[in-house]
Chemist: 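I'd like to ask some things about the structure below.
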Amino acid sequence: MALHELTIAQLHEGLKKKEFSATELLTDVLQRIEQVEEKIKAFVTVTEDVAREQARRVDEKIARGEEIGPLEGIPAAIKDNICTEGVLTTCSSKMLHNFVPPYDATVMRKLKAAGVVMVGKANMDEFAMGSSTENSRFFPTKNPWDMGRVPGGSSGGSAAAVAAGEAIYALGSDTGGSIRQPASFCGVVGMKPTYGRVSRYGLVAFASSLDQIGPLTKDVRDCALVLGAIAGHDPMDSTSVPHPVPDYTASLEKGIKGMRIGIPREYFGEGIDAGVKEAVKKAIATLEDLGATCEETSLPHTDYALPAYYIIAPAEASSNLARYDGVRYGYRDETAEDVVTMFMRTRSEGFGTEVKRRIMLGTYTLSSGYYDAYYLKALKVRTLIKQDFDRALEKFDLLVTPTSPTVAFRFGERAADPLQMYLSDICTISVNLAGVPAISVPCGLVDGLPVGLQFIGRPFAEETILQAAYAFEQAAGTANLKPAL
Ligand code: GLN
């Protein structure tokens, strides 16, 4: 197998045993990028120079006889809404087309300390608003399993890069499913940690009460490794929690005998594709074979998650995106003669259609006279949704659902109808509203396209989720699936 086809854990062994150098590994990944990127378009920016320098430093360390950590020398893609010092960070928006951050996001600082080799900044839906990367202001990313289909979104570039072997792992962000849904569409593993587990300092804010950064990887062990490297308290993000970070790989092999797993019936109803349902039911049978007890349960307020999210997320976005006024950084209209016209033109030209739609929705629901009827009501609904999860997770260790109601859809199939696009996240959005952690792991193929299985856990129970996902992946043989590219 070529180096770019291996997992982090496998590559780490190879580096340690000096079977190849970090530079050789990087060269293999860069060649792969050269070979497939024209078709896939996973990257806004490929950072070859940065990567070469980072790989060189790892090789020097190995040459000095020093021990290397599990992520040291491993090539990664970083979603383009995570600030990288000295490297363009665009959010796939015209508004930030020229923005070079003067600092690293905390996750980036941590990955650098862990020896990352950053190969590029991954394409996304503009400001992470979307489910297909069709909202990128630059170009859409293709699904490596079928170039006529979307990779999912908004972290579509991150997921496609990992699936196509253009990076060994990636970071994404998940506000309403943006890590898990593209992971599901591209046949990779993606995790949204508990709200507060990973610092968002340096993540360009979309909806601050929902945003989390997380890993996209080829298998569950790699996911545990990357999560361990980026999790932890950060004084720069007041929502990050000072819980100690466990070794997430330590409990992977414990199995799931005796685990109680709830199957929420609302996730198997209308709108869920028959093939997806069947694949997930087969996965549930595998979990039972492994010794878990699976039992139907209910999250009764599920129907209200989408409407609540599409009030709360745009409300927060309208406030977060007020900072893009052309004054301090990013795009500025140079033709205006006065400052108010400059603001107006900068924002009209700098933002794309979906971003403007969200800003208008959010401004409306926060305005006096509508606040109580929309925003406040949505917050109350959010509490009910959170209570659904609290109740279910009192009785069950985990909940299992499909990650997405369908497999990857075709370009253009939903782009014209925002509501159709919003429905892509019906299985992932409640998890963000409740703040709980969840993972998507591949559970098989339907018509040659990957299906994702979602495990949802208690707050800060990432270990339990990873343990179950690992047991499933081993039994089902779905680790490191590869498209015939
Ligand atoms: N697709 C959802 C949206 O458009 C979720 C996006 C995300 O998680 N960043 O808002």
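Both ligands and their constituent atoms are indexed starting at 1 by order of listing.
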Chemist: Is Ala313 near ligand 1, meaning one of its heavy atoms is under 4.0 Å from it?
Modeler: no
Chemist: Just to confirm my output: which protein heavy-atom neighbour is closest to atom 5 (C) of ligand 1, and how far is it?
Modeler: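 The closest heavy atom on the protein side is Tyr309 OH, 3.3 Å.
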Chemist: Please determine whether salt bridge (Lys or Arg N to Asp or Glu O under 4.0 Å) holds for the pair Glu394 and Arg391, giving the CA-CA distance in whole Å, both sets of side-chain angles, and the decisive distance to 0.1 Å.
Modeler: CA-CA 5 Å; Glu394 235 170 67; Arg391 247 175 252 128; over 6 Å; no
Chemist: Over 60° means perpendicular and under 30° means parallel, so tell me whether Phe99 and Tyr329 are parallel, tilted or perpendicular.
Modeler: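 Geometry flag for Tyr329 against Phe99: tilted rings.
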Chemist: Please say whether Gly176 places an N or O atom under 3.5 Å from an N or O atom belonging to ligand 1.
Modeler: yes
Chemist: Using non-hydrogen atoms of the residue, decide whether Tyr310 is closer than 4.0 angstrom to ligand 1.
Modeler: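 For ligand 1, residue contact (heavy atoms, under 4.0 Å) with Tyr310 is present.
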Chemist: Quick check on contacts: which atoms of ligand 1 are under 4.0 angstrom from a heavy atom of Phe206?
Modeler: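 In order of numbering, the contacting atoms are 9 (N), 10 (O).
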Chemist: Atom 1 (N) of ligand 1: which of Asp425, Thr428, Asn81 has the nearest heavy atom?
Modeler: Asp425
Chemist: Of the listed options (Arg358, Glu354, Met421), which comes nearest to atom 4 (O) of ligand 1 when hydrogens are ignored and any heavy atom counts?
Modeler: Arg358
Chemist: So, does Ser158 use its side chain to make a donor-acceptor pair with the main chain of Leu171 at under 3.5 Å?
Modeler: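 Side chain of Ser158 to backbone of Leu171, a donor-acceptor pair under 3.5 Å: yes, one is there.
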Chemist: Going by an N to O cut-off under 4.0 Å, is there a salt bridge joining Arg358 and Glu354?
Modeler: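 Result for this pair is yes, salt bridge flagged.
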Chemist: Is the backbone N or O of Cys427 less than 3.5 Å from a side-chain atom of Gln454, with the two atoms forming a donor-acceptor pair by type?
Modeler: yes
Chemist: Under 4.0 Å, heavy-atom basis, I'd like to know which part of Ala128 is in contact with ligand 1: side chain, backbone, both or neither.
Modeler: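 Under 4.0 Å from ligand 1, Ala128 contributes backbone and side-chain atoms.
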Chemist: Which residue and atom name correspond to the protein heavy atom nearest atom 6 (C) of ligand 1, and how close is it?
Modeler: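 So the nearest neighbour among protein heavy atoms is Ser178 OG, 2.9 Å.
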Chemist: Hey, does Gln181 sit under 4.0 Å from ligand 1 if you only count heavy atoms?
Modeler: no
Chemist: Say whether Gly130, considering both its backbone and side-chain N or O atoms, lies within less than 3.5 Å of an N or O atom on ligand 1.
Modeler: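 It does: an N or O of Gly130 is found under 3.5 Å from an N or O of ligand 1.
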Chemist: Fit a plane to each ring of Phe206 and Tyr309, take the angle between them on a 0 to 90° scale, and name the class: parallel (under 30°), tilted (30 to 60°) or perpendicular (over 60°).
Modeler: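 Judged by the thresholds at 30° and 60°, the geometry between Phe206 and Tyr309 is perpendicular.
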Chemist: Are Lys94 and Tyr331 in a cation-pi setup, meaning NZ or CZ lies under 6.0 angstrom from the ring centre and within 45 degrees of the ring axis?
Modeler: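 Satisfied, under 6.0 Å and within 45°.
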Chemist: Donor-acceptor pair, distance only, cut-off 3.5 Å: does the side chain of Glu266 make one with the backbone of Asp303?
Modeler: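 Such a contact is absent between Glu266 side chain and Asp303 backbone.
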